[in-house]
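Before any comments, here is the structure.
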Amino acid sequence: MNSEELFLRSKNVVPGGVHSPVRSFASVGGTPIFFSEAKGAYLKSVEGKEFIDYCLSFGPLLFGHRHPEIQEVVEDTVKKAWSFGACEPYSLELAEFITSKIPWAEKIRFVNSGTEAVMSALRVARAATGRSKILKFDGCYHGHLDQLLVKAGSGLAGLSSSDSKGIGPEIIQNTLVLPLDDETALENLFLEQGKDIACLIIEPIPANYGLLPQRSEFLKKCRELTTKYGTLLLFDEVISGFRVSFQGMAGLTGIVPDLVCYGKIIGGGFPVGAYAGKKDLMDLVAPSGPVYQAGTLSANPIGMRAGLKTLTKAWNENPYPELEAKTKRLTSGILKLLVETGDSNWEAVTFGSLFWLKGKTKDPVRTITAIPSDHKSRFAIFFHKLLNQGVYLAPSGYEVGFLSAVHSEEIIEATLNKTKQALKEQK
Ligand SMILES: *Cc1c(COP(=O)(O)O)cnc(C)c1O
């Protein structure tokens, strides 16, 4: 069966045919490709066609698909156990590894997704402060928990409205929303309501509505105001953790959060999330404290060992400088080819091994409102041209691209050759 037939079948039994919306290609049009295998930097479709993968499962695969060293520990684990629902040494090793390398993660709790990590960390923040309100920014994504599926409401600053049906006003009444990149709005909100805000949550490098690097002054202001008002600062490093540097954005900026969430890379491609922070905060979590949080499959041994192997490699091999250089080479190569084919209205935003192609703008784009309005349609055309030639980008102009350590110079060259072919095609 080909992708088209499989998608038709899937739509009969699965909402929209997918288990996560972006996979449906709704944002770029066309039929999603069904993949059956993956290795290194490559995906293989059910039709047997190969694609160079720059989506990488939306970030977890820092060392590409099925890296042999990671595969080995996965296979070894499968021979020993799949799940205990009891104490085991594997999660302890991962917990000790992370807490020994990341000072602000004094204690850590493993869960099964980034969403769960954020949801649990917010519960801790509310318990620790005795406050109810949460402040988030328009342009940051923190998973699909009810209280954070909000966008800025019209009217009063800080007010929010739901971003999804099924989330009533009573659920989001304690969620405040501000635009990114605006210290004045932040100061005013804290002046009004700072003493009621339990937690300020931010992606320190917002990477879910395109890539929106923030000014360090803005991030510093987040730390300064939260400290001043007794609000906890939560860095959502689900994408950026172990990706932009081993210690994530907190490590790069030197801004120390009170709580931090991880996901994606932390499980080496298996479903793992984690929240971590200072001892006194984390000791509020059951069974040592009164904040309930649990999970049948939490600290699953396969994810724990795949995660430990991935993080150990990242720590020992420090792939980050090379990843950054290769990402720059890829994006500057693509831009050059676009210019050569007469389309000079593109630029690349990169940060480490994250990249985002967008239309040229006068100023750097730091808020979602500054994203060019024709972005979605332009990206869709570019996406399909590359897809035809066997280059797989995330199927939405609002998702970032990822490189892995196994995306070699040769693979980048091959990508640029395919891009060249792709741009020769008629629209
Ligand atoms: C992916 C992501 C999440 C959600 O993680 P899931 O594992 O998809 O639930 C939360 N925050 C950020 C910053 C993310 O990129």
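Each ligand, and each atom within it, is numbered from 1 in the order the structure gives. Keep in mind that the numbers below use all heavy atoms, side chains included, and drop hydrogens, waters and symmetry copies.
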Report all side-chain donor-acceptor pairs from residues 25-39 shorter than 3.5 Å, counting only partners two or more places apart or in another chain.
| from | atom 1 | to | atom 2 | distance (Å) |
| --- | --- | --- | --- | --- |
| K39 | NZ | R66 | O | 2.7 |

Intermediate values then yes/no, side-chain contact (heavy atoms from CB on, under 4.5 Å), K136 and L176: CA-CA 6 Å; K136 71 150 283 191; L176 306 167; over 6 Å; no
If you measure only the distance, is there a donor-acceptor pair under 3.5 Å linking the side chains of T231 and R131? yes
Does the side chain of T361 pick up a donor-acceptor pair with the side chain of K358 at under 3.5 Å? yes
Would you tell me whether K101 and Q247 have side-chain atoms, one donor and one acceptor, within less than 3.5 Å of each other? no
When you check the side-chain N and O atoms of Y54 and T415, is any donor under 3.5 Å from an acceptor? yes
Atom-level proximity to ligand 1, residues with heavy atom under 4.0 Å: S113, G114, T115, Y141, H142, G143, E203, N208, D236, V238, I239, K264
